[in-house]
Amino acid sequence: MHSVLNYLARHQARFVEELCDYVRFRSVSAQPQHAGDMKACAAWLVRHCRSIGLTAEVRQTPGHPIVIAKTPRLPTRRKRRHFLIYGHYDVQPPEPFELWKTPPFQPTRRGASLFGRGASDNKGQNFAHLKAIEAYLRTQTELPCDLTCIIEGEEEVGSSSLAGFLQQHRAELKCDAVIVSDTGIPGPKYPALTCSLRGIAAFELTLHGPSRDLHSGMFGGSVENPAMALCRLLGKVHDDKGRIRIPHFHDGIARLTKYERRQLARVPFNRRAYRKFLGVPQLHGEAGFTPEEQRSARPTFEINGLTSGYQGAGSKTIVPAWARAKITTRLVPGQQPRQVVRAVKAFLKKHCPGTVRMELKAGHGAEAYAVSPTSAAAQAALRALREAFGHEPVLLREGGSIPIVNQFKKILGADTLLLGLALPDDNAHSPNEKFDLGIFAKGQRLSALLWRELAK
Ligand code: BES
Ligand code: ZN
């Protein structure tokens, strides 16, 4: 183990250069014009994995390709443990470009951070695992278990191809557990095992009004404005205590236990600092819950995008023909995406005025995920975290979603260990995304130590 850790320490500069090469790919899964960049990024990953001694290949899917890389299997009769390492090479759209201090796909080092779209979510995090494996292979240190990396290209758009892929390759991917570094830690002194993630249900709601944009002076007042109708409709979703008013939306949710509330309260939290960090004049959330609970253990209904009418310079006096909202709800354990979709549909239908035509498309969905921190694998992870970071790990509930972890359980029967490396100020999904290079190095150590602990 000494030589593995030593190897990692000696090669940090090169690792950062390589991570820059990875971040340079414009692997934006949501935007069709980047399909070629997605392919190129997958091909680069395969070449890179091969260069560090893994067998690797691109596997085609109906969507973006998946990269599979394996450690060399030893000729042994002993049954060795097998772990999957899951990550994603796709990134969120970089817009708005003008808010980036340096271009999103021109990775730039400033201080101890590497800036670029995907640096933290998720390229830097999954690359840390590849570097740990490289250290084993290059120092001829025997890996105590077999490892298979799955790096997909559709995580940011709902992982729709990967579930089918898991079904098709169940035998090949059968494993003792899945390791995922795609979550966060509260700070460098708070390494974390995330024990639950929120689920999600996505919608696109369009209200159609007049058959074309109308002169608002000539016709305005005599016809419904779809943008106004959309605002009124969506304004009905919450009450003035921040609670979601949709009947049956909350069906199945268990109350937070005292133990869970205590766990959530273990990480120091300062309201004022949090407010300042977010840049808002006041915090806002569901009454009766702390901000920490609101953002991880309670469901939400959010508008992610709102479009209608004229968006260019100056003004244009029209009644727009339509208005659209992109919406996602975050779900907590107990909620069923299908039931939530039904409840949301019924609510919007009931409250939509007859003056517009409503079109509601339900998109991707996933249940929340929860895993016990007391399993042998979780305990192994906690030991590795402690040693790699030199601090006592915390157990987290997190608000983000990684839809595929439910399928790892359902299809492969495997629990997922969520060992994130993202800091709260990494600006995931925002302009100026960054990855802390100190955490990058610790993540590599964590990965190296983890295989030893898991094989014990
Ligand atoms: N890395 C995130 C998930 C995450 C973020 C988990 C923060 C825990 C804390 C992942 O890349 C992500 O953004 N997932 C999407 C999934 C969605 C598109 C289905 C998300 O949560 O919005
Ligand atoms: Zn993401």
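Counting begins at 1 with the first residue of the sequence. Nothing here was measured: the structure is a model prediction, and the numbers come from that model. Both counts, for ligands and for their atoms, begin at 1 and track the order of listing.
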> Check all N, O or S atoms of Asp121 and name the one closest to the Zn ion (ligand 2).
OD2
> Purely on distance, is any nitrogen or oxygen of Arg330 under 3.5 Å from one on ligand 1?
yes
> What atoms in ligand 1 come closer than 4.0 Å to a heavy atom of Glu156?
11 (O), 12 (C), 13 (O), 14 (N), 15 (C), 18 (C)
> Residue-level breakdown please: for Leu197 versus ligand 1, do any non-hydrogen atoms fall below 4.0 Å on the side chain, on the backbone, on both, or on neither?
side chain
> Could Arg117 and Phe105 be counted as a cation-pi pair, given that NZ or CZ must be under 6.0 Å from the ring centre and within 45° of the axis?
no
> Report, as yes or no, whether the 6.0 Å neighbourhood of atom NZ on Lys258 holds more than 12 heavy atoms from other residues, nucleotides or ligands.
no
> Sort out for me which residue in His364, Glu155, Arg330, Arg198 forms a side-chain hydrogen bond (donor to acceptor under 3.5 Å, both in side chains) with Ser401.
Arg330
> Check step by step if salt bridge (Lys or Arg N to Asp or Glu O under 4.0 Å) holds for Glu387 and Arg452.
CA-CA 12 Å; Glu387 191 172 340; Arg452 183 191 70 189; 3.0 Å; yes
> Is the distance from the Zn ion (ligand 2) to some N, O or S atom of His88 under 2.8 Å?
no
> Run the salt-bridge test on Lys123 and Glu18 with the 4.0 Å N-O cut-off and return the result as yes or no.
no
> To the nearest 0.1 Å, how far is atom 17 (C) of ligand 1 from its closest protein heavy atom, and which atom is that?
Ile200 CD1, 4.0 Å
> If the cut-off is 2.8 Å, does any N/O/S atom of Glu155 fall short of it from the Zn ion (ligand 2)?
no
> So for ligand 1, is Ser401 a polar contact partner (N or O within less than 3.5 Å, distance only)?
yes
> State whether Asp436 and Lys442 are salt-bridged, where the test is any N-O pair (Lys NZ or Arg NE/NH1/NH2 against Asp/Glu carboxylate O) under 4.0 Å.
no
> Please identify which of these residues, Phe15, Tyr22, Phe435, meets the ring pair (Phe, Tyr, Trp, His ring centres under 6.0 Å) condition with Phe127.
Tyr22
> Starting from the Zn ion (ligand 2), look over the N/O/S atoms of Glu156 and name the nearest one.
OE2
> Would His88 count as a polar contact of ligand 1, with the cut-off being nitrogen or oxygen pairs under 3.5 Å?
yes
> Would you mind checking if Glu292 and Arg397 are paired as a salt bridge, meaning a charged N to carboxylate O distance below 4.0 Å?
no
> Within a distance under 4.0 Å of any heavy atom of Pro403, pick out the atoms of ligand 1 and give their elements.
19 (C)
> Does the pair Glu286/Lys241 count as a salt bridge with the N-to-O cut at 4.0 Å?
no
> Report, as yes or no, whether the 6.0 Å neighbourhood of atom NE2 on His248 holds more than 12 heavy atoms from other residues, nucleotides or ligands.
no
> So which bit of Asp182 gets within less than 4.0 Å of ligand 1, heavy atoms only: side chain, backbone, both or neither?
both
> Purely on distance, is any nitrogen or oxygen of His364 under 3.5 Å from one on ligand 1?
no
> Which residue holds the protein heavy atom closest to atom 9 (C) of ligand 1, what is that atom called, and what is the gap in Å?
Glu398 OE2, 3.4 Å
> Can a non-hydrogen atom of Asn122 be found less than 4.0 Å from any atom of ligand 1?
no
